[in-house]
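Atom set for the values below is all heavy atoms of this structure, side chains included, hydrogens, waters and symmetry mates excluded.
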Amino acid sequence: MSSSLDQRTAPAPEGSRPTPLPRRTRAYALPEVRWALAALGLFLLALPPYLLGGPAWLWGALFAGAYATGGWEPGREGLKALRERTLDVDLLMVVAALGAAAIGQVLDGALLIVIFATSGALEAVATARTADSVRGLLDLAPATATRLLADGAEETVDAGLLAVGDTVLVRPGERIGADGEVVGGASEVDQATITGEPLPVAKETGDEVFAGTVNGTGALRVRVGREPSDSVIARIVRMVEEASRTKAPTQLFIEKVEQRYSVSMVLATLAVFAVPLAFGDDLTSALLRAMTFMIVASPCAVVLSTMPPLLSAIANAGRHGVLAKSAVVMERLGQVDAVALDKTGTLTEGTPRLTDVRPLPGTGLDADALLRLAASAEHPSEHPLARAVVDAAQERGLALAPADAFAATPGRGVTATVEGRRIELGSPARLLPDPHHARVHPHSDTRPAHPDTHAAHPEADHARVHPENDPAPLVRELEEAGSTAVAVLRDGEPVGVLGVADRLRPDAAATVAALTRLTGRAPVLLTGDNERAARRVAGRVGITDVRAGLLPEEKVAAVRAWEAEGRRVLVVGDGVNDAPALAAAHCGVAMGRAGSDLALETADAVVVRDELAAVPAVVALSRAAHRLVVQNLVIAGAFIAVLVAWDLFGTLPLPLGVAGHEGSTVLVGLNGLRLLRSTAWPRPARG
């Protein structure tokens with residue numbers, strides 16, 4: 001991959017402002033796309049006069065232009081390979097097209113050239129898009145940072161010039177400029193791009209933070225702990241580049257056989273021409289026999305044995321919301337025998353939602369009244385948990401009251417006056433005196449599901465809890481069920497508890513079961529989230545092998561360890577932190593709705609409709625395509641064997657040889673198109 005990925009801007013003359021690199025390469029800027037479009041245009045112009053019996057000079061010139069524009073690039077690449085003593089498929093396709101034209105099959109040859117040029121253009125676009133996404137990942141880390149000097153002054157510096165030991169100030173809403181440790185302040189940091197955690201994490205003195213993550217409403221002072229070139233974000237960029245560069249070259253099954261077959265066919269054609277000539281046969285007869293042999297032994301039907309089933313499978317999958325980026329991808333999907341799933345955004349929806357509203361007895365509040373009170377107080381807040389509470393109230397049609405004297409303290413909670421009453425919302429660890437809710441480290445496995453919830457206003461004392469109205473049992477019940485508990489206080493008295501959770505996808509358990517049946521082993525959960533939350537989700541979907549708290553490089557290490565054992569791993573994810581594993585895996589699938597740009601471009605396939613059940617369905621479809629490929633190879637092989645034997649041991653008329661060859665090509669093509677039927681799409685797993 002180009003070294004330009006390490007640059008934020010293109011070179012510019014001294015004294016001028018640098019020109020930003022383009023964020024997305026235009027398809028037309030690629031020469032492969034321009035040549036393919038030219039070939040397609042000339043082919044479409046030549047088609048009407050050819051089919052309607054127009055003048056040969058007209059359609060002949062247009063077809064010749066299509067041959068030239070679509071075939072020169074693969075022909076050049078094929079000649080380069082030939083110089084390295086390799087018979088490349090590019091050259092074979094060009095020779096096959098020219099051979100078809102030589103015997104009058106001008107249309108067939110031109111169509112072959114156009115299809116081949118279009119395939120190369122699509123591959124070039126996919127490669128360029130991946131490079132764009134990796135380059136765009138660098139934008140996650142800010143270009144500048146505010147460095148604090150020894151005398152307390154501030155200076156703005158290039159983030160790339162920060163050194164280990166520097167202290168930087170991160171203001172509310174800014175991206176953190178370097179990996180390091182918090183040495184002052186408190187806030188909540190959205191680090192989903194690195195760990196995949198669905199909610200912001202509370203950060204205070206002593207906690208680790210990562211470059212590129214987004215600070216919340218508090219100010220942080222961070223001591224730089226790693227050089228910018230060694231930050232987690234920089235390592236993600238390098239891992240995606242390395243995985244894309246070192247991933248084993250992919251070939252369709254038939255292409256692995258085609259190399260030897262094509263060499264053998266060329267040698268055999270020369271022998272069929274030379275041997276009879278050496279024994280006294282006349283030149284015309286020997287040439288006709290050799291040309292007939294070349295036609296009937298041509299791998300056209302063999303090549304078409306593979307492409308129609310795979311292209312039909314791609315089209316069918318596309319209609320059902322799965323975009324496979326190439327025929328190679330569709331073939332590889334059916335080869336997987338191990339699956340690794342991300343948690344947040346893959347097995348779960350990735351967005352916190354209100355799951356429970358529990359008013360305490362004796363407060364005079366029912367569920368709607370408690371929710372209305374909480375949502376009114378939370379309405380000015382932008383915290384994800386606040387959004388979940390407000391959205392739930394609006395879905396129920398509750399009219400919210402104005403909130404006065406609203407105050408939010410980073411890492412603690414919110415306070416507001418609603419209808420003359422002081423309302424507080426936050427973590428039970430901050431609002432309730434129960435020692436069970438003592439604060440723990442954000443990455444501890446024994447913490448509540450998400451202790452980074454809103455907590456009490458710092459000036460508030462612990463709530464006054466009457467023994468007969470203790471919310472602690474409700475809190476424990478919600479946390480054991482996998483929800484984040486939010487305590488609600490009115491004038492210092494607890495009045496209820498809310499439960500918020502990242503909901504499991506309804507088809508998650510059925511998908512895990514379907515993948516287990518297809519691969520013969522249960523999927524593995526790879527997540528950057530904490531152990532407790534990961535195991536709770538895994539237990540609900542039937543996964544026993546859980547790897548939690550992983551950074552992106554640790555996910556890649558797990559995938560490569562399985563690949564080293566001979567497994568062909570399918571990785572399913574959606575975030576920036578999943579991109580290196582998606583690139584390193586045998587096949588990577590990204591969830592489309594909430595997927596990051598990098599994950600969508602790095603993955604081999606994208607579930608556009610965000611239906612997890614489509615993953616096992618497309619794997620099963622790929623295996624059905626492979627079965628059709630095998631059937632087609634048997635059909636093509638039988639035709640070739642019969643026609644070659646007839647030509648060698650008898651006299652096969654050239655028109656009959658062409659008809660037999662074209663007939664086998666049409667037959668395998670039609671057989672492959674069976675996967676276009678809607679009934680060919682496997683029934684997805686359902687919850």
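- Partner of Val157 under the side chain to side chain contact (heavy atoms under 4.5 Å, CB included) criterion, out of Leu162, Val168, Asp166: Leu162 alone.
- Legend: residues meeting side-chain contact (heavy atoms from CB on, under 4.5 Å) with Asp404, ordered by chain and number and at least two apart, are Thr417.
- For Arg358, the salt bridge (Lys or Arg N to Asp or Glu O under 4.0 Å) partners are Asp356, Glu477, not counting sequence neighbours.
- Partners of Ala369 under the side-chain contact (heavy atoms from CB on, under 4.5 Å) rule, at least two apart in sequence or in another chain, are Leu365, Asp366.
- Remark: Glu611 CD to Met591 CE distance equals 8.5 Å, nearest 0.5 Å.
- Under the 4.0 Å criterion applied to side-chain N and carboxylate O atoms, Glu181 and Arg226 are not assigned as salt-bridge partners.
- Looking at Asp604, its side chain does come within 3.5 Å of a backbone N or O of Gly588 through a donor-acceptor pair.
- Annotation for Pro471 and Val497: closest pair CB-CG2, 3.9 Å, computed over non-hydrogen atoms.
- A distance of 8.5 Å separates CG of Leu347 from CZ of Arg505, quoted to the nearest 0.5 Å.
- Atom-to-atom distance recorded for Arg535:CZ and Ile543:CD1 is 11.0 Å, nearest 0.5 angstrom.
- Residues forming a salt bridge (Lys or Arg N to Asp or Glu O under 4.0 Å) with Glu395 (at least two apart in sequence, or on another chain): none.
- Annotation: side-chain hydrogen bond (donor to acceptor under 3.5 Å, both in side chains) contacts of Arg387 (sequence neighbours excluded): none.
- The side-chain contact (heavy atoms from CB on, under 4.5 Å) check on Arg421 picks up Ile423, Arg490, Asp491, with sequence neighbours excluded.
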Q.
Let's go through Arg171 and Glu154 carefully: what are the C-alpha distance in whole Å and the side-chain angles of both, what is the deciding distance for salt bridge (Lys or Arg N to Asp or Glu O under 4.0 Å) to 0.1 Å, and is it a yes or a no?
A. CA-CA 12 Å; Arg171 293 185 171 86; Glu154 301 176 4; 2.7 Å; yes
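- In this view, Arg221 satisfies the side-chain hydrogen bond (donor to acceptor under 3.5 Å, both in side chains) rule with no residue, not counting sequence neighbours.
- A distance-only check finds no donor-acceptor pair linking the side chain of Asp391 to the backbone of Ala388 [under 3.5 Å].
- Residues passing the side-chain contact (heavy atoms from CB on, under 4.5 Å) test with Val164 are Glu227, sequence neighbours excluded.
- Here Gln394 pairs with nothing under the side-chain hydrogen bond (donor to acceptor under 3.5 Å, both in side chains) rule; sequence neighbours left out.
- Residues that satisfy the salt bridge (Lys or Arg N to Asp or Glu O under 4.0 Å) test with Arg540, not counting sequence neighbours, are absent from this structure.
- Applying the side-chain hydrogen bond (donor to acceptor under 3.5 Å, both in side chains) criterion to Asp545, with sequence neighbours excluded, gives Arg547.
- For Glu563, there are no salt bridge (Lys or Arg N to Asp or Glu O under 4.0 Å) partners two or more places apart in sequence or in a different chain.
- Closest of all the heavy-atom pairs between Leu612 and Thr346 is CD2-O, 3.6 Å.
- Salt bridge annotation for Asp578-Lys555: present, with a cationic side-chain nitrogen under 4.0 angstrom from a carboxylate oxygen.
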Q) Does the side-chain contact (heavy atoms from CB on, under 4.5 Å) test come out yes or no for Leu570 and His586, once each step is laid out? A) CA-CA 6 Å; Leu570 169 66; His586 182 75; over 6 Å; no
